[in-house]
Amino acid sequence: MSTSSSTEPTTGPTTGRAKATIGLTGLAVMGSNLARNIARHGHTIAVHNRTQAKTDALIEEHGDEGDFIPASSVKEFVESIERPRVIMIMVKAGAPTDAVIEELVPYLDKGDIIVDGGNAHFTDTIRRTEELAEKGIEFVGTGVSGGEEGALNGPSIMVGGSDQAYERVGPIMESIAARAGDGEACSAHVGTGGAGHFVKMVHNGIEYADMQLIAESYDLLRSVGGLEPAQIADVFAEWNTGELESFLIEMTADVLKHVDADTGKPFVDVVKDAAEQKGTGRWTVQSALDLGVPVTGIAEATFARSLSGHTDQRKAVREAFPTDPDAKPVSVDPEVFVDQVRDALYASKVVAYAQGFDQIAAGADEHGWQIDLGEVAKIWRAGCIIRARFLNRITEAYAADPHLTTLLTTPFFADAVKQSVPAWREVVATSALSGVPAPAFASSLAYFDALRRDRLPAALIQALRDNFGAHTYERVDRPGTFHTRWSGDRSESEQG
Ligand code: NBP
């Protein structure tokens, strides 16, 4: 690595051409679209990919969209960027990201900044930040959401790293980010170290919950309500005009309307019913377990995907317990049921977001990140997959009280949940009685009910733990820690 930290002229030594403001390496679908977005916003961008063909294709197909400096080697790439350099990596997360960093470092100078826009695990980001800091290089772990369309036309960007790095990186990210309805850029410095990737991870976890709740709504409306996919598409389109308005609800209407060209069947009927996952839902749940935050909606959504893939078990149980031909179907008035499912969906969604924001708050506490939760809700209002009208309400709630105990008790959401409770119970009961599973609805309702209970059966669990393992317990009537001599005279002793 070069040790110089001085700045240099902003033209290349041999060409006299202006140097790039930013470089981007990793030109698969996300990277090339982000590079085009950056170029379209007037930034000169150096572009590089391990396999040269992708760089060539980008320049050939889109080179006229802005000022690109293609590079065929890492050295040439790094040298074409003005110092202190900002270099964005958009490669597969994990080992490829480390490999790219290792290749870049020998050519970098102190003060240069590496921005990782891939879906890195936040602990990798913390490690990379520390390792590169020892070399005088800033590392900015950045969550990018919005898929390939967002990358091109404006994603939601969750930037980590130091304040100093954000001063250089922030304006570029804000210029390419999606704009919310009020014109604000959906990009922010969410915190230092791994904060950007942590927030992106929880975003994806909430996305899992959102999609599972939508899928359960569809299943209930079809299997219990008797509606056809095209009719359910109309229901979702109608829901998208109210408080549920969101990208995923809108997309659901679109997908359910779609008819398969080969078979003439609803498209949803020709897709294999085994949901895949790339791992961010699992990471969210693993982190939540470590932090002790009950993200039940996200966990149910993640397990529901796993269950869908266990085709052998599904077949075995389906054959062992066939539908009883004499079973009385649960009868519902479809019109009433549509409204009940909407209310259940809304209340469950509020729970999923409340849990996700609890997890971000807990992660921030654990890692010493100053994350402004209202700001997070703000930058999710456009560009990202979970963009939704009601994120405005979450921003308002955190603006009124940045240290909220839970979103559920804020006036707007408390009112919404209160109004939804009867329908929510009806839908969960209907799901159980009809044998149409709705695990995310059920667990969200159970979470809400558990929080409301005056006394929880956790008291019995404590008593059992003390009985079999002398794990002690606290009493409701006086302070201290106690143990009962269960196998002796059952007298109680206070523990020191
Ligand atoms: P991929 O995740 O499919 O990664 C492909 C890119 O990684 C190619 O440029 C490939 O170079 C490069 N690469 C690999 Br693989 N191993 C490498 C190595 N050892 N050294 C150098 N380069 C290497 O691309 P993507 O779907 O565009 O996603 C890019 C990043 O953005 C990922 O981290 C992804 O998780 C994240 N992300 C994706 C989305 C989405 O919706 N797809 C959304 C948000 C974030 P090659 O061309 O030479 O093989």
Side-chain angles (χ1 to χ4, degrees), residues 23-38 45-62 70-78 87-107 114-125 128 139-160 173 176-178 186-187 194 196-208 211 247-248 251 276-284 379-380 382-387:
L24 191 149
T25 181
L27 299 174
V29 58
M30 286 297 287
S32 58
N33 279 1
L34 261 185
R36 290 170 61 195
N37 184 354
I38 292 169
I45 180 166
V47 286
H48 171 265
N49 192 67
R50 177 180 62 175
T51 309
Q52 169 88 31
K54 284 201 178 85
T55 314
D56 296 342
L58 172 65
I59 299 305
E60 193 176 316
E61 290 161 31
H62 305 288
S72 51
S73 71
V74 174
K75 181 171 187 290
E76 189 192 331
F77 171 63
V78 172
I87 297 181
M88 190 156 192
I89 304 179
M90 286 304 293
V91 301
K92 202 177 268 303
T97 305
D98 284 315
V100 171
I101 293 171
E102 209 170 298
E103 279 178 11
L104 286 169
V105 164
Y107 302 106
I114 295 179
V115 180
D116 176 19
N119 266 342
H121 193 282
F122 72 94
T123 54
D124 281 341
T125 301
R128 290 169 184 144
F139 189 71
V140 176
T142 297
V144 178
S145 176
E148 49 185 292
E149 201 275 332
L152 183 61
N153 296 317
S156 167
I157 310 178
M158 296 142 256
V159 187
M173 296 301 144
I176 64 161
C186 289
S187 172
H197 278 137
F198 186 87
V199 169
K200 171 71 198 315
M201 175 189 77
V202 177
H203 163 283
N204 284 24
I206 293 174
E207 180 185 310
Y208 272 54
M211 289 170 66
F247 176 62
L248 284 171
M251 184 185 278
E276 296 185 359
Q277 45 185 317
K278 281 192 170 169
T280 40
R282 189 175 64 240
W283 290 352
T284 312
I379 62 171
W380 288 351
C384 65
I385 305 296
I386 64 170
R387 57 187 183 260

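Every number for a ligand or one of its atoms is a count from 1 in the order of the listing.
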Inset, instruction - List for me each residue that meets salt bridge (charged side-chain N to carboxylate O under 4.0 Å, His left out) alongside D98, sequence neighbours excluded, and say none if there are none. - result: R127, R128
Legend entry - Test salt bridge (charged side-chain N to carboxylate O under 4.0 Å, His left out) applied to K92 - qualifying residues, sequence neighbours left out: none
With atoms numbered from 1 as shown, which atoms in ligand 1 lie under 4.0 angstrom from a non-hydrogen atom of [X]?
{"X": "M90", "result": "29 (C), 31 (O)"}
{"X": "G26", "result": "9 (O)"}
{"X": "G147", "result": "41 (O)"}
{"X": "L27", "result": "9 (O)"}

Legend entry - Centroid separation H48 to F77 less than 6.0 Å: yes
Option of least heavy-atom distance to [atom] (set: [options]):
{"atom": "atom 1 (P) of ligand 1", "options": "K92, R50, H48", "result": "K92"}
{"atom": "atom 16 (N) of ligand 1", "options": "A99, A93, P96, G94", "result": "P96"}
{"atom": "atom 44 (C) of ligand 1", "options": "V100, N204, V144", "result": "V144"}
{"atom": "atom 35 (O) of ligand 1", "options": "D116, N119, I89, V91", "result": "N119"}

Legend entry - Check against side chain to side chain contact (heavy atoms under 4.5 Å, CB included), T284 and Y208: CA-CA 10 Å; T284 312; Y208 272 54; over 6 Å; no
Inset, instruction - Just do the side chain to side chain contact (heavy atoms under 4.5 Å, CB included) check on M88 and T25 with the steps written out, would you? - result: CA-CA 6 Å; M88 190 156 192; T25 181; over 6 Å; no
Which residue and non-hydrogen atom of the protein lie closest to [atom], and at what distance in Å?
{"atom": "atom 48 (O) of ligand 1", "result": "T51 OG1, 2.5 Å"}
{"atom": "atom 26 (O) of ligand 1", "result": "V29 CG1, 3.7 Å"}
{"atom": "atom 5 (C) of ligand 1", "result": "A28 CB, 3.7 Å"}
{"atom": "atom 38 (C) of ligand 1", "result": "M30 CG, 3.4 Å"}
{"atom": "atom 47 (O) of ligand 1", "result": "K54 NZ, 2.5 Å"}

Legend entry - ligand 1 versus N49: contacting region, heavy-atom distance under 4.0 Å: side chain
Legend entry - CE/M211: more than 12 non-hydrogen atoms of other groups inside 6.0 Å: no
Inset, instruction - Can you establish whether the number of heavy atoms outside E148 located under 6.0 Å from its atom CD is more than 12? - result: no
Inset, instruction - Would you kindly say whether K200 and N119 are connected by a side-chain donor-acceptor distance under 3.5 Å? - result: yes
Inset, instruction - Could you give me the CA-CA distance, side-chain angles and deciding distance for V140 and I114, then say whether side chain to side chain contact (heavy atoms under 4.5 Å, CB included) is met? - result: CA-CA 6 Å; V140 176; I114 295 179; over 6 Å; no
Inset, instruction - May I ask whether S145 places a heavy atom under 4.0 Å from ligand 1? - result: no
Legend entry - N or O pair under 3.5 Å between E148 and ligand 1: no
Legend entry - Atom pair CD/OG of E103 and S73 - distance to nearest 0.5 Å: 10.5 Å
